[in-house]
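One-based numbering along the sequence shown. In this text the structure is predicted, and so the values were computed from the model without any measurement.
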Amino acid sequence: MARSITGKNKCSRGHQNSSSRKKSHSRTGLGHRNYSLYINRVLKEVVPQSGISSRTLDVMNTLINNIFERISTQACSLMNYRNRRTLTPEDVQNAVYFLFPGKLAKYAVAFGSEAVQRYVHS
């Protein structure tokens with residue numbers, strides 16, 4: 001006999017209440033990540049002898065967070081448009097095609113797919 005789902009635990013799925021979760025103390029604000037370590041690593045791989053100022057690092061961090069938020073919002077709206085509940089790689093790729101112009105979108109999708117393949121196979 002199948003169990004019935006009551007209204008009480010219909011949407012809980014084992015997640016904690018927001019009041020019982022611990023608050024994270026991040027320096028960059030609510031919901032934003034700090035990519036400064038990764039920006040420095042990539043810079044040292046590309047141009048080993050140069051550095052970057054803290055102000056420029058903050059601008060780059062803001063840019064990355066902004067682009068990530070735009071792509072994720074667009075991908076989520078595409079997912080909802082198709083009446084799906086799972087975000088697929090095709091949704092993310094289509095979001096990139098919608099947000100970026102021509103060749104930039106093509107290169108972004110190509111390099112992103114290559115990076116994911118390298119991560120999966122390592």
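- Using a 4.5 Å heavy-atom threshold, the side chains of Ser36 and Asn61 count as separate.
- Cluster membership for Leu104 and Val109, using ILVMFWY side-chain heavy atoms within less than 4.5 angstrom, is shared.
- Side-chain contact between Phe100 and Ile67 is present, with at least one heavy-atom pair separated by less than 4.5 Å.
- Between the OG1 atom in Thr86 and the CE atom in Met79 there is a gap of 7.5 Å [rounded to 0.5 Å].
- Atoms CZ and OG1, from Phe68 and Thr73 in turn, are 9.0 Å apart once rounded to the nearest 0.5 Å.
- Applying the side-chain hydrogen bond (donor to acceptor under 3.5 Å, both in side chains) rule to Asn66 yields the partners Arg70; only residues at least two apart in sequence or on another chain are considered.
- If you take CD on Glu114 and CD on Gln117, they are separated by 9.5 Å, rounding to the nearest 0.5 Å.
- Transitive grouping of hydrophobic side chains (ILVMFWY, heavy atoms separated by less than 4.5 Å) keeps Tyr38 and Val59 in distinct clusters.
- Ring geometry, Tyr107 versus Phe111: the interplanar angle falls under 30°, so the pair is classed parallel (tilted spans 30 to 60°).
- Side-chain N/O atoms of Asp91 and Thr88 include a donor and acceptor closer than 3.5 Å.
- Closest of all the heavy-atom pairs between Ala95 and Ala75 is CB-N, 3.6 Å.
- Crowding of Arg41 atom CZ: a count of heavy atoms from other residues, nucleotides or ligands under 6.0 Å not exceeding 12.
- Interatomic distance, CG of Asn94 versus CG of Leu99, reported as 11.0 Å (0.5 Å rounding).
- Scanning all heavy atoms of the two residues, the minimum distance from Leu87 to Cys76 falls at CD1-N, 4.4 Å.
- For Lys106, the NZ atom is loosely surrounded, since the number of other residues' heavy atoms within 6.0 Å does not exceed 12.
- Rounded to the nearest 0.5 Å, atoms CZ (Arg82) and CG (Asn80) are 11.5 Å apart.
- Legend: side-chain hydrogen bond (donor to acceptor under 3.5 Å, both in side chains) pairs involving residues 48-60, not counting sequence neighbours, sorted by first then second residue: Ser53-Thr56.
- Think of Val120 as one node in a network of Ile, Leu, Val, Met, Phe, Trp and Tyr side chains linked at under 4.5 Å; its network also takes in Val116.
- The two residues Tyr97 and Ala105 make their nearest non-hydrogen contact at CD2-CB, 3.7 Å.
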